[in-house]
Amino acid sequence: MAGILVMAETRRGELRDVTLELIAAGRELKAAAGDRLVVAVAAADPSAFAAALGADGVDEVLAVTTPTEHFEPHVAQQALEALIAAERPALVLLAHSIDSLGFGPAVAARRNLGFASDVTALAWDDGPVAVRGAYGDKLRAELDFPGKDCTLLMLRAGSFPSTTRTGEAAPVRAVDVALEDARSAHVAFREPEGGDVDIAQAKFVLAIGRGVGDDAGKVAEFERLAERWGATLAVSRPLVDAGWVSAARQVGQSGKTVKPAVYVALGISGAVQHLAGMRTADTIIAVNTDPEAPIFGVAHYGAAADLFEVAEALQQQLG
Ligand code: FAD
């Protein structure tokens with residue numbers, strides 16, 4: 001078995017951004033994995049995504065037409081199993097997402113594949129090597145998959161760079177797969193509370209942590225500061241646990257992974273579970289009164305200072 005198969009994700013007629021991260025990750029391993037990278041999309045109208053999926057380094061886009069308008073796990077499972085049988089890839093890449101968790105592990109178990117979820121880094125050493133957190137992200141585990149001809153890895157969104165197409169789009173091949181459509185049916189999309197904010201998309205994040213103290217009213221002040229500065233407010237978990245801020249704004253292992261151009265962390269210590277969600281930001285600026293705080297270990301710029309003094313100075317700068 002050789003080559004890499006990426007399974008695209010779509011929702012409500014849109015390609016999900018994580019797909020371009022899967023393609024970029026696959027491209028890094030392509031030469032070692034057998035010099036072939038194909039991207040499959042299973043959707044009611046797969047042709048709508050073909051051009052975007054034929055990114056640089058992609059050899060072919062495989063288009064599977066589904067009988068269902070929206071994602072159904074059993075349909076995706078059948079499509080992926082058929083694609084693995086036909087294409088015989090050495091590595092299959094899926095997003096570690098709510099949709100793919102509905103069928104990826106099942107495919108791996110049914111076909112006796114190597115498997116790892118929530119993968120944050122990849123390498124190739126005579127086969128795929130996956131890096132993921134262990135013991136609540138306190139340890140970094142490197143996994144290989146001896147004796148497996150094919151391995152399925154689910155990659156954490158925001159942990160890999162993205163890609164765009166600059167050259168010619170890859171050729172598209174329609175793949176006919178017999179897909180059953182009656183096992184479950186999509187009813188409706190329901191937005192979570194606070195769903196108006198998608199911190200994962202923000203280019204500039206102002207994040208606050210327990211350093212803001214015990215006064216819930218401070219959150220509104222930092223929300224205004226973020227707005228004036230053109231940033232999106234995010235938080236560490238204690239502020240969500242306290243019920244001060246919606247979970248949609250939590251960064252970290254049990255929150256969201258963000259990858260902005262700039263991440264400003266005010267009064268956040270830098271616990272491993274928080275770092276898991278922001279360490280790949282392009283520029284990290286940390287403000288913390290404790291010069292030994294672990295956040296300074298990942299920060300590009302740091303100030304051992306009182307966050308309220310820094311916030312006040314910023315307010316004055318902004319006029
Ligand atoms: P603290 O660790 O209490 O740090 C507060 C910091 O503020 C300190 O460093 C202090 O020096 C500084 N400070 C205090 N006053 C000031 C001031 N006036 N000016 C400047 N600095 C000041 N956490 C997350 O954030 N996201 C997650 O997704 C997440 N998931 C988790 C999952 C699991 C399974 C577990 C066990 C934990 C998880 N946590 C998560 C919690 C995590 O372990 C930490 O407890 C949490 O990140 C700490 O948040 P904090 O840095 O805001 O608070």
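Start at 1 and go down the list; that is how both ligands and their atoms are numbered. Just so it is clear, the values below take in all heavy atoms, side chains as well, and ignore hydrogens, waters and symmetry mates.
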Return the closest protein heavy atom for [atom] as residue, atom name and distance.
atom: atom 30 (N) of ligand 1; value: Ser254 OG, 2.6 Å
atom: atom 46 (C) of ligand 1; value: Pro238 CD, 3.9 Å
atom: atom 5 (C) of ligand 1; value: Gly267 O, 3.5 Å
atom: atom 36 (C) of ligand 1; value: Gln273 NE2, 3.9 Å
atom: atom 3 (O) of ligand 1; value: Arg210 NE, 2.9 Å
atom: atom 14 (C) of ligand 1; value: Gly211 CA, 3.5 Å
atom: atom 22 (C) of ligand 1; value: Thr289 OG1, 3.3 Å
atom: atom 1 (P) of ligand 1; value: Ser269 OG, 3.6 Å

Salt bridge between [X] and [Y], side-chain N to carboxylate O under 4.0 Å?
X: Asp198; Y: Lys256; answer: yes
X: Arg249; Y: Glu223; answer: yes
X: Arg36; Y: Asp59; answer: no
X: Lys218; Y: Glu221; answer: yes

Polar contact flag for Gly209 and ligand 1 (N/O pairs, less than 3.5 Å): no
Can you find an N or O of Ala293 that's nearer than 3.5 Å to an N or O of ligand 1? no
Give the contacting part of [X] toward ligand 1: side chain, backbone, both or neither, where contact means a heavy-atom distance below 4.0 Å.
X: Ile295; answer: neither
X: Ser236; answer: both
X: Ala305; answer: backbone

Considering the heavy atoms of [X], write down every atom of ligand 1 situated less than 4.0 Å from one of them.
X: Asp306; value: 18 (N), 19 (N)
X: Gly255; value: 28 (O)
X: Gly252; value: 26 (N), 27 (C), 28 (O)
X: Ala271; value: 42 (C), 43 (O), 44 (C), 47 (O)
X: Gln250; value: 26 (N), 27 (C), 28 (O), 29 (C)
X: Ile268; value: 51 (O)

side-chain hydrogen bond (donor to acceptor under 3.5 Å, both in side chains) against Asp290, all qualifying residues, sequence neighbours excluded: none
Please name all residues satisfying side-chain hydrogen bond (donor to acceptor under 3.5 Å, both in side chains) with Asp282, sequence neighbours left out, ordered by chain then number. none
Among Met278, Arg237, Gln253, the residue with a heavy atom nearest to atom 24 (C) of ligand 1 is Arg237
From Asn288, Leu307, Val235, Leu275 - option closest to atom 8 (C) of ligand 1 by heavy atom: Asn288
So Glu69 and Arg12, salt bridge (Lys or Arg N to Asp or Glu O under 4.0 Å) or not? Walk me through it. CA-CA 9 Å; Glu69 186 187 350; Arg12 299 186 185 195; over 6 Å; no
One should read off an interatomic distance between Arg16 CZ and Leu22 CG, to the nearest 0.5 angstrom, of 11.0 Å
Name the orientation class of the two ring planes belonging to Tyr263 and His274 (parallel below 30°, tilted from 30 to 60°, perpendicular beyond 60°). tilted
Tell me whether Arg11 forms a cation-pi arrangement with Phe71, defined as NZ or CZ under 6.0 Å from the six-membered ring centre and within 45 degrees of its axis. no
Give the intermediate values and the outcome of side-chain hydrogen bond (donor to acceptor under 3.5 Å, both in side chains) for residues Gln315 and Arg224. CA-CA 10 Å; Gln315 294 281 18; Arg224 279 194 295 276; over 6 Å; no
Mind checking whether Leu318 and Leu225 have side chains closer than 4.5 Å, heavy atoms only? yes
Would Ser254 and Gln273 satisfy side-chain hydrogen bond (donor to acceptor under 3.5 Å, both in side chains), going step by step from the backbone distance to the final call? CA-CA 8 Å; Ser254 50; Gln273 295 90 355; over 6 Å; no
